Amino acid sequence: MTEKQYFLVAILVVFAVFRVGAQGFSEDDFGANITLPSFEARVSLGFNYDMLKPPTDVSFHYPVGFFGTNVPLNQNFNLRNIAGSFDRISDSVFNDTTLFRNGEDFQPTAVARQNPNNSVIVSVPMLGGVGSFSYTQNFFLEYETILGNPSIFLSSDLDDVDFILRGTVNVPLHLSLGWETMTFGYAYQVDRNFTFAFNLSRHLFFADLRGRIDADLLGTYNIYIDSAMGSVHGELDYPSERINGYALGSYDAEVWTPTLGLRFWRFSLTSRFGFSTRARGSFSARYSLPAFIYPETFRMKYDLDDPDVLMDPEVRELFLTNAVDSLGYSTQSRLHWKLPHAHTITLDLLDRAVSMSISYTKLFGELEMRLEDIRKEQWAAESGSDREGLVDSLGFDVGVSVDHIIMFHGRYLGAFLNAGVCAIDVRSGERENVLGENVPAKLRMGDAAMLPILNFGSAIGTKIQVLLELNVLPLPAFKTGIYYHF
């Protein structure tokens, strides 16, 4: 190993802990005796099937009240086992215990579950038809990661490098998205074969982001370049007031939309109309990193294999002065929120003691979130050179599309079964089919990923019925509730 490579190992030790949480692993980021931080990710995803209930599916004979909720079932993953099947880099990182202090394994963990979602539904015969009210928590997504607090102690007794580093790092992140709906409806039965229904729904959307970076790294280094040029001495001191960051964002929107339902003989049509609105809120983020790292990509700025770089006075000053670069994002612009139109056709195959039906739902558009005019500011390193910061603007544009929902519905007495598939995909800016590109061809519907849906259960009782329902796919959850027939 050359002197320049020794110097590279010493510098990589300082910022490797940041790159683990920021962008994953790379073979060049690790050397002997590097201690990696712990990593934990939690995802809660809740989807309420009650939002898909047809507005014509009401009782014209007696009032009915229902309250239901999900009981989440956790699924735990060891990301080390999952990533181990991807490529040789993960094998070298996750399976080499010499990378970890005291021989401890690095076990990044993840937990996925459905989030509790509640429903309140009431329908009452009135004015020749049926009036209804419902409140449903349709969708909730919560994502949380924790990187660190590792206890870092690194030292080296190589001939050309004396190095000691101590420190800690903590990078928590929390993101939540929610969608709730309150609906007022009325259904009218013209005759036994024809029913008309109209619903008016108030939708509430919200998004919340909280993040923080706290790091405290300090140590000393003495690097002998060669006998002619002498050596480089210095102290590494990046306390938490210098290497830190935060992210804060909050948005909410409220909008009303109509839903129409028609039922004629064995055929039903449900048309749910979407909307496009702008949510109120703001977003800001700022963080600082050592000046020899690009704050946007977390990669090295300089080629340390070039001897001229090592001897450049400006580059050496960055190390000697523990300089930092800072990057900030902020905007007061409103978040563009869009919900697609959805139209469902249902055909009843049997309508007796055993009832069966099939349905097809076509969506036009995507669930879209777009934030424009985000101001980006980059502050120059705190060093002897007086460089001006960069001011720029950028945008955030993400879309989720769900389409071609094909479902089979079966019911016998109080027992029921719903099974089907749908196409789901994610768009990021101009890049479409993010999910579809990363699944095998047999798991696609067109260019999108195929998502299976399966839930079954039973309502036990007569006047008071207890609902027992198991959502198996896409995420498992046990749902329970009570029907009361007035």
Side-chain angles (χ1 to χ4, degrees), residues 45-58 66 68 70 114 117 119 121 134 136-139 179 181 183 187 195 197 199 201 259-274 339-367 400-425 435-436 439 442-459 467-479 481:
L45 177 63
F47 182 83
N48 196 332
Y49 294 99
D50 291 335
M51 64 172 291
L52 301 178
K53 182 180 178 181
T56 56
D57 187 12
V58 295
F66 171 73
N70 283 347
Q114 275 213 17
N117 288 316
S119 297
I121 303 174
S134 67
T136 57
Q137 294 176 319
N138 300 324
F139 177 81
W179 172 22
T181 299
T183 301
T195 303
N199 286 358
S201 301
T259 299
L260 298 177
L262 294 173
R263 178 180 175 85
F264 178 73
W265 192 49
R266 294 180 179 270
F267 296 91
S268 299
L269 172 65
T270 301
S271 296
R272 298 177 175 88
F273 296 92
L339 191 70
H341 305 295
H343 303 280
T344 302
I345 298 177
T346 303
L347 171 63
D348 294 334
L349 303 176
L350 292 176
D351 190 12
R352 293 183 177 86
V354 177
S355 64
M356 292 187 294
S357 63
I358 57 173
S359 65
Y360 172 75
T361 301
K362 172 63 179 177
L363 285 87
F364 295 90
E366 62 182 10
L367 176 61
V400 178
S401 60
V402 180
D403 202 2
H404 304 302
I405 305 175
I406 304 172
M407 296 291 298
F408 168 83
H409 312 274
R411 179 178 294 274
Y412 175 68
L413 298 178
F416 61 89
L417 169 70
N418 301 298
V421 294
C422 69
I424 184 171
D425 222 315
L435 294 180
V439 299
K442 62 182 179 181
L443 297 179
R444 297 178 190 169
M445 290 185 67
D447 295 329
M450 181 175 63
L451 185 70
I453 302 171
L454 175 63
N455 73 301
F456 58 88
S458 179
L467 174 66
L468 301 175
E469 179 179 341
L470 183 63
N471 297 328
V472 181
L473 298 170
L475 279 179
F478 176 72
K479 182 176 180 179

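Computed from a prediction, not measured in an experiment: that's the story for all the values here. No hydrogens, no waters, no symmetry mates; every other heavy atom, side chains included, goes into these values.
- Side-chain contact check for T183 and N199: no donor-acceptor pair (N or O, by modelled atom type) lies under 3.5 Å.
- In the model, S359 has no side-chain atom that pairs as donor or acceptor with a side-chain atom of T346 under 3.5 Å.
- At least one side-chain heavy atom of S119 sits under 4.5 Å from a side-chain heavy atom of T136.
- Atoms OG1 and CG, on T56 and L260 in that order, are 11.5 Å from each other to the nearest 0.5 Å.
- Geometrically, K362 engages F364 in a cation-pi contact defined by less than 6.0 Å to the ring centre and at most 45° from the axis.
- Crowding of L349 atom CG: a count of heavy atoms from other residues, nucleotides or ligands under 6.0 Å exceeding 12.
- In this structure, Y412 places its OH atom where only 12 or fewer heavy-atom neighbours from other residues, nucleotides or ligands lie under 6.0 Å away.
- Here CD of E366 is found 11.0 Å from CG of L339. Values are rounded to the nearest 0.5 Å.
- Rounding to the nearest 0.5 angstrom, the gap separating the CG atom in D425 from the CE atom in M445 is 12.0 Å.
- Of the N and O atoms on the side chains of H343 and S271, at least one donor lies less than 3.5 Å from an acceptor on the other residue.
- The shortest heavy-atom contact between P55 and A187 is O-CB, 4.2 Å.
- Distance check: T361 OG1 to H404 NE2 gives 11.5 Å after rounding to the nearest 0.5 Å.
- Counting only heavy atoms from C-beta outward, the side chains of F416 and E469 approach each other to under 4.5 Å.
- Closest of all the heavy-atom pairs between C422 and V402 is SG-CG1, 4.1 Å.
- Looking at every heavy atom in both residues, P340 comes nearest to G365 through CB-C, 3.5 Å.
- Using modelled atom types, one finds no donor on one side chain facing an acceptor on the other under 3.5 Å when comparing D403 with S401.
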Verdict with supporting geometry, I453 and N471, side chain to side chain contact (heavy atoms under 4.5 Å, CB included): CA-CA 8 Å; I453 302 171; N471 297 328; over 6 Å; no
Check against side chain to side chain contact (heavy atoms under 4.5 Å, CB included), T259 and T270: CA-CA 7 Å; T259 299; T270 301; 4.1 Å; yes
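- The CG atom of L417 lies 11.0 Å from the CE atom of M356; values are rounded to the nearest 0.5 Å.
- With a 4.5 Å cut-off on side-chain heavy atoms, L363 and H341 do not count as touching.
- With respect to D348 and R263, a salt bridge is recorded, a charged nitrogen being found less than 4.0 Å from a carboxylate O.
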Side chain to side chain contact (heavy atoms under 4.5 Å, CB included) between R411 and V354, worked out: CA-CA 6 Å; R411 179 178 294 274; V354 177; over 6 Å; no
Derivation and outcome, side chain to side chain contact (heavy atoms under 4.5 Å, CB included), residues K53 and I121: CA-CA 11 Å; K53 182 180 178 181; I121 303 174; 4.3 Å; yes
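- Residues I405 and T344 fail the side-chain proximity criterion, which asks for heavy atoms closer than 4.5 Å.
- Listed for the H409 side chain is no donor-acceptor partner under 3.5 Å among the backbone atoms of N418.
- Within a 6.0 Å sphere centred on CZ of F264, other residues, nucleotides and ligands contribute 12 heavy atoms or fewer.
- Proximity of F456 to L470: side-chain heavy atoms (C-beta onward) are separated by under 4.5 Å at one or more points.
- Atoms CG and CD1, on L367 and I424 in that order, are 10.0 Å from each other to the nearest 0.5 Å.
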